[in-house]
Protein chains: 2
Amino acid sequence: MLDSTDRPAPDRAAPDGVAAVHRALSLLFAFREGEATLTLAEIAARTGHYKSTILRLLGTLEQARCVERQPDGSWALGPMLFRLGSLYAQARPARRHLPTALAALAEATGETASFWIRQGDDRLCLARVRSPSPIRDDLSEGALLPLPAGAGGRILSAADPRALGVVATFGERNPETAAVAAAVFGPGGALAGALGISGPRARIEARAEEFRTLVAAGAAELTRRLGGDLR
Amino acid sequence: MLDSTDRPAPDRAAPDGVAAVHRALSLLFAFREGEATLTLAEIAARTGHYKSTILRLLGTLEQARCVERQPDGSWALGPMLFRLGSLYAQARPARRHLPTALAALAEATGETASFWIRQGDDRLCLARVRSPSPIRDDLSEGALLPLPAGAGGRILSAADPRALGVVATFGERNPETAAVAAAVFGPGGALAGALGISGPRARIEARAEEFRTLVAAGAAELTRRLGGDLR
DNA sequence: AACGTCGTTCCAATAGACGGAACACCCGGT
DNA sequence: ACCGGGTGTTCCGTCTATTGGAACGACGTT
């Protein structure tokens, strides 16, 4: 007795898992860069959930300090997320070596240096050291960029990052920006992330060859520090 | 008709809210400082939940990249938490001014400078700049300390922080450590957090008066930058 | 080989989440 | 002043979705 008719439509993205948790997390993901607070109505519009449902979930998240209610009634992300995020960062072996590696690269190039890991179809900036120049690529830790674009993205989405070597892109992610990046590997030869620099296109074009060398050396050094397999 | 008998016992910690979300978050809170990964059994022991329940919740959290499954089957916190934590930090107006304020204080004193906010019965380190000295208070961003202890804790748990002025403690949080802290205020005169330094007791005792002045000046300057009310 | 411990899957029962309706509220417009 | 559209909030019956065992296979140890 095979009843193929009343299948509950597993079309796509079967949202497997605990629905209430998915909903609660979707509230957190409603917050975007540069938005300190959101109102209930905004959250409802973005997530598509009923306001009563949202309020109940927000109350739960608030108890855990994952969100904070503002005096004016609007909602903001809570400090517990910062704590959990810090615990994540500390658990990454790479994290310990990033400040020095990035500072050295930023110093040598005069551009903003950053380290990226893949996260699904995006890439996440784990750490960065800003260029000393006032004209610079002013990105933040925690920034989330679409995966394929930019030098770092090329590395993280490559089928074989080892074959790529150093990648330089000019105006790919942003017309005025250029970037140079190279892969960093961890123990066992696994891709640990992408190390690179980014800045105004003209400055990087002018010293492209020099920067390729510096980024390659920085990535190799960081790989070595992580106990990674270079070849 | 006052029936005082069958009250549903509001003893303490009435777990109001969505149970599934509470449970899921409790899994994240099972992770502690310095523990990169946990096994299912460890999480079960700490949270007291059934393994089947935990596995289902972890699966949901994994889809959202709030946890990551390691190749060996154990579990770690996920990168999405880092992103959310970064968004929280960026939303804090204080955050923008902290690096320079802390760097200046660390430079002037030679000790580790840090900034703390209250979070329930704990205090959370939002940012810190390490002392250049090899012997130093080596705390991390995201560190969570019990509220009452230490100079920063005194500030954050004071009934009237304004009355306290600069607080110095010697060996309170840790016998070998001393700290000097002062309150920072935001717009409207609300307590924004505590700014301070900490380091080996002997070094701080030797220059206590000087440090009090420096910390007070740093806190006043930071308050000014935040558009805060000083008096 | 026997045991303990681990992670994993399955499913019926029911606790508990959902979502709609109804409410109080604050503004701005007319 | 009166209304209208927009807030945020509470309440409660329905039924879905979560739970928590039991049962299983796979390791590792004794």
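Only a predicted model underlies this, so the values are computations on that prediction, with no experimental measurement involved. Naming convention: chains lettered A, B, ... in sequence-line order (proteins, then strands); numbering from 1 in each chain.
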What is the distance from CG of L55(B) to P of dG20(D), rounded to the nearest Å?
14 Å
Separation of atom CG in D72(A) from atom C1' in dC27(C), rounded to whole Å:
16 Å
So if I define the base as every atom that isn't primed, P, OP1 or OP2, how would nucleotides 22-30 of chain D read as a B/S/- string at a heavy-atom cutoff under 4.0 Å?
---------
5' priority, DNA chain D, between R23(A) and R69(A) [closest heavy atom]:
R69(A)
Please give me the minimum heavy-atom distance between T37(B) and E42(B), naming the atom from each residue.
O-OE1, 4.3 Å
Each base of DNA chain C marked ( ) or [ ] if paired in-strand (Watson-Crick or G-U under 3.5 Å), | if paired to another strand and . if unpaired gives |||||.||||||||||||||||||.|||||
Side-chain donor/acceptor of R123(B) to backbone N/O of A149(B), under 3.5 Å
yes
Between CZ of R56(A) and P of dC12(D) the distance, given in whole Å, is 15 Å
Return yes when atom CG of D160(B) has more than 12 non-hydrogen atoms of other residues, nucleotides or ligands closer than 6.0 Å, and no otherwise.
yes
Neighbour count >12 (heavy atoms, 6.0 Å) for atom CG, D72(A)
yes
Separation of dA17(D) atom C1' from H22(A) atom NE2, nearest Å, is 14 Å
Return no unless some side-chain N or O of T53(B) is found under 4.0 Å from OP1 or OP2 of dT19(D).
no
Donor-acceptor contact present, side-chain T169(B) to main-chain A151(B), <3.5 Å:
yes
Rounding to a whole Å, what distance do you find between K51(A):NZ and dT7(D):P?
6 Å
More than 12 heavy atoms of other residues, nucleotides or ligands under 6.0 Å from CD of E33(A): is that the case?
yes
Rounded to whole Å, CD1 of I54(A) lies from P of dC18(C) at a distance of 11 Å
Integer-rounded Å distance: dG19(C) P and L58(A) CG
15 Å
Neighbour count above 12 (heavy atom, 6.0 Å) for E176(A) CD:
no
If you only use heavy atoms from C-beta on, which nucleotide in dT18(D), dA17(C), dG8(D) is closest to the side chain of A19(A)?
dT18(D)
Please report the distance, rounded to the nearest Å, between CG in L57(A) and P in dA17(C).
9 Å
Mapping G73(A) and A20(A) onto DNA chain D by nearest heavy atom, which one lands closer to the 5' end?
G73(A)
For the student: nearest non-hydrogen atoms of V21(A) and A20(B), plus distance
CG2-O, 3.7 Å
The test is side chain to side chain contact (heavy atoms under 4.5 Å, CB included); show your working for W116(A) and I155(A) and say whether it passes.
CA-CA 10 Å; W116(A) 301 78; I155(A) 298 281; over 6 Å; no
Where along residues 34-47 of chain A does a heavy atom fall under 4.0 Å from DNA chain D?
T39(A), L40(A), A41(A)
With a 4.5 Å cut-off on side-chain heavy atoms, are H22(A) and Q63(B) touching?
yes
